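Encoded as structure tokens, the structure appears first; notes follow it.
Below, chain A is the first sequence line, B the second, and so on; all start at residue 1. No experiment lies behind these values; they were computed from the predicted model shown.
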Amino acid sequence: MSTIQLKNISKSYATNLVLNNVSLTVEDREFLTLVGPSGCGKSTLLRVIAGLETPESGSVAIDERLVTKTAPAHRNLAMVFQSYALYPHLSVRENMKTPLKLRDLSIIQRLPLIGPLIAPGKYQSLNNQVEETAATLRINEYLERRPGQLSGGQRQRAALGRAMVRTPLAFLMDEPLSNLDAALRVHMRAELSELHRNLETTFVYVTHDQSEALTMSDRVAVMMDGTIVQIGTPEEIYNQPEFLSVAEFLGSPKINRLELTDEVIAKLKMPSKAQLLKADIDLQLIKHVCFRPEHVTLSNANNKPEAVVRHVENLGSEFFVHAELAVAGCRIILKLDAPTGSAINIGEVLRLSINPNSMLFFDESGNRIRGREHLEDAVA
Amino acid sequence: MSYDIGNSLKHTALILGALVVILPFYFMLSYSLQSQREIETGLSPGGVNAGFFGSQSLVLDKDCLQANTPERKEIEVAKTSYPGKTEREIYNILLKEVETSCSSRPALMNYSMAFTKAPLLRYLLNGVIVTLSIFLIQVVVALPAAYALAKLRFLGRDFIFSIVLLCLLVPVHAIALPLYVILAKLGLTNTYAALIIPWTISVFGIFLMRQFFLTVPDDLIDAARMDGMSEFSIIWRVMLPTAVPALLAFGIFSVVAHWNDYFWPRVVITGDPNLFTPPLGMRVFKQDTEGDLHGPMMAVAVIVVAPLMIAFLMAQKRFIEGITFTGMK
């Protein structure tokens, strides 16, 4: 059992408010991701949990034990850093042994040469723990090497090993994959998720990469400007964003956004005024309408809006088509399957159909506007 | 390859510069091999200049001669060996023998005098003790200071650092007198302490290490904190091992400066010659009334600079790395 509870955390550097009254509960054995653009305060929040930063106000509790003023080492948390932060002068084995030595041995027992003579049993047990962890991570072959002699992926594993070896209450990870190349990053994503399932420990994971957040987490907390704007499962965050900023941050390629003017409504006819009124959505409030690229399909019907193809991206399994919507005068992106996409040429005029049910409406300040009823029902 | 005027000019300038640096060393080495007369006149006994090594013709050690001049008693004893000779003749024969045994090649004489007339080994030992103590204490002081200035957040840090920078501008000679007065009042003149204490806080060391520590990622320090290290263990067990290249660079500057220092030991070591550092060894041969003994003096100079020269040749790459590292190319 290890929950982490943050209450009303505020933190500022000089005059810059980095965390603004943040409250968050991380459930036991949960994989929670803090995601947001750089400078949103997600790393600072993680460091507050770790104890590396002291908040100006608010409290941190781990397993209902208040640790706001406790030193990092006494919180029994492990952290994995973006730069791995392995001790460059020590072998992987010594790197992994260091936290154990500092926790389990007295000052005298830590002395070189004399220490192992005084407490041979303890040293034996430390070695066994290191070996076990190394076996789990499959890093036995390079335990004797120094970090400088390892590849990025191997260093990543060694850093994980150093975190895992002392079986902490929770793992804190600060963008651990961002220094890896793209292929390895995708591979490590799966491996980290698997590790989380096997260890059955709480993970708090910080990233600016929305795809990492969506693929790995049980829950995602989206942070903007020092506050958590929305928290929920990846599905909720992706499909039902509460704010325009969240909708635009998640998803690749980015969600399509149109400014909803009377002209657009009149010419696009999707959704129709009647539909909106019936769904009890106040037309006056709507400023933006958004829809994901995968919700746009090609249509043959003559009354559908026209778009001119400007650019086609071939991703092998799918195609991203950038098209200019004549009425709204802006570009949107369509995600099409390979057979459909490969037939499209630049300059071609397409007729588009957008599922009204997948449309998201936002007001001027970027807040979501929800109808009382489902839009699709309104059509019927 | 075509002839390049620009490059030729550069090389000429460099060669001239090199000559300016090398010539004193050339004379030091050359004089350490020659007799006093050759040094003073520039001519060997034959009346020509014999070049770098001098003529190496035998010279007489006057002190040796004076100490061993045949006395009455020795002449009496020698009478049995030379029957039928007058005392005058025997005296002359004995004197010849002494003269032969007291003569040697000037090179040999200069270097043996460097070790016999001045306890040079003792001075070299003093030099090792003083330079190593200074360097060790400098590291003990500079590392925590540099760590605090580079990595800890506290009120007035930048102000303190600007004071450190300001101290870099104060020349040693400007504060030599007050320093001497303080040491004298504490009764520390003519001790190792007087040679060591004034140099234990190296502003340059603090500055250099701080600049290096700025390049150490914060994550590494945070990782050590998560592992449960205290701030002091972080300094000695994480920062020190990563800072070895910077420490070597600093060590080179520190050791060279204090091994070669003539000024400060001359100020604080006034009585006890047992505390002389190697450069002070040259003073033994500066005999104001009778003229200086240039040959042995230069021999001492050669012996003093030799360890650094050998160290430089062996660790040439490191030296250059160290100097480029500090951005002082």
Side chain / backbone / both / neither for A:A159 at chain B, heavy atoms under 4.5 Å: neither
Considering only heavy atoms, which portion of A:L86 lies under 4.5 Å from any heavy atom of chain B: side chain, backbone, both, or neither? backbone
Under 3.5 Å, what donor-acceptor pairs does chain A form with chain B?
{"residue": "A:R47", "atom": "NH1", "partner": "B:D222", "partner atom": "OD2", "Å": "2.5"}
{"residue": "A:R47", "atom": "NH2", "partner": "B:D222", "partner atom": "OD2", "Å": "3.2"}
{"residue": "A:E53", "atom": "OE1", "partner": "B:R153", "partner atom": "NH2", "Å": "3.1"}
{"residue": "A:S83", "atom": "OG", "partner": "B:D219", "partner atom": "OD2", "Å": "2.9"}
{"residue": "A:Y87", "atom": "OH", "partner": "B:D227", "partner atom": "OD2", "Å": "2.7"}
{"residue": "A:H89", "atom": "NE2", "partner": "B:R237", "partner atom": "O", "Å": "3.0"}
{"residue": "A:R166", "atom": "NH1", "partner": "B:M226", "partner atom": "O", "Å": "3.1"}
{"residue": "A:R166", "atom": "NH2", "partner": "B:M226", "partner atom": "O", "Å": "3.3"}

Testing the basics here: between B:L124 and B:P278, what is the closest heavy-atom pair and its distance to 0.1 Å? CA-CG, 3.9 Å
Return the set of residues passing side chain to side chain contact (heavy atoms under 4.5 Å, CB included) with B:I22 (not counting sequence neighbours), or none when no residue passes. B:A18
Checking A:T202 against A:S2: is there a side-chain donor and acceptor pair closer than 3.5 Å? yes
Select, from A:A50, A:A85, A:P88, the one with the greatest count of heavy-atom pairs under 4.5 Å involving chain B. A:A85
Between A:D28 (side chain only) and A:T3 (backbone N and O only), is there a donor and an acceptor less than 3.5 Å apart? no
Mind checking what makes side chain to side chain contact (heavy atoms under 4.5 Å, CB included) contact with A:P116, not counting sequence neighbours? A:Y123
Residues in side chain to side chain donor-acceptor pair (under 3.5 Å) contact with A:D209, at least two apart in sequence or another chain: A:S211
Mind telling me whether B:F204 and B:F253 have parallel, tilted or perpendicular rings, with 30° and 60° as the class edges? perpendicular
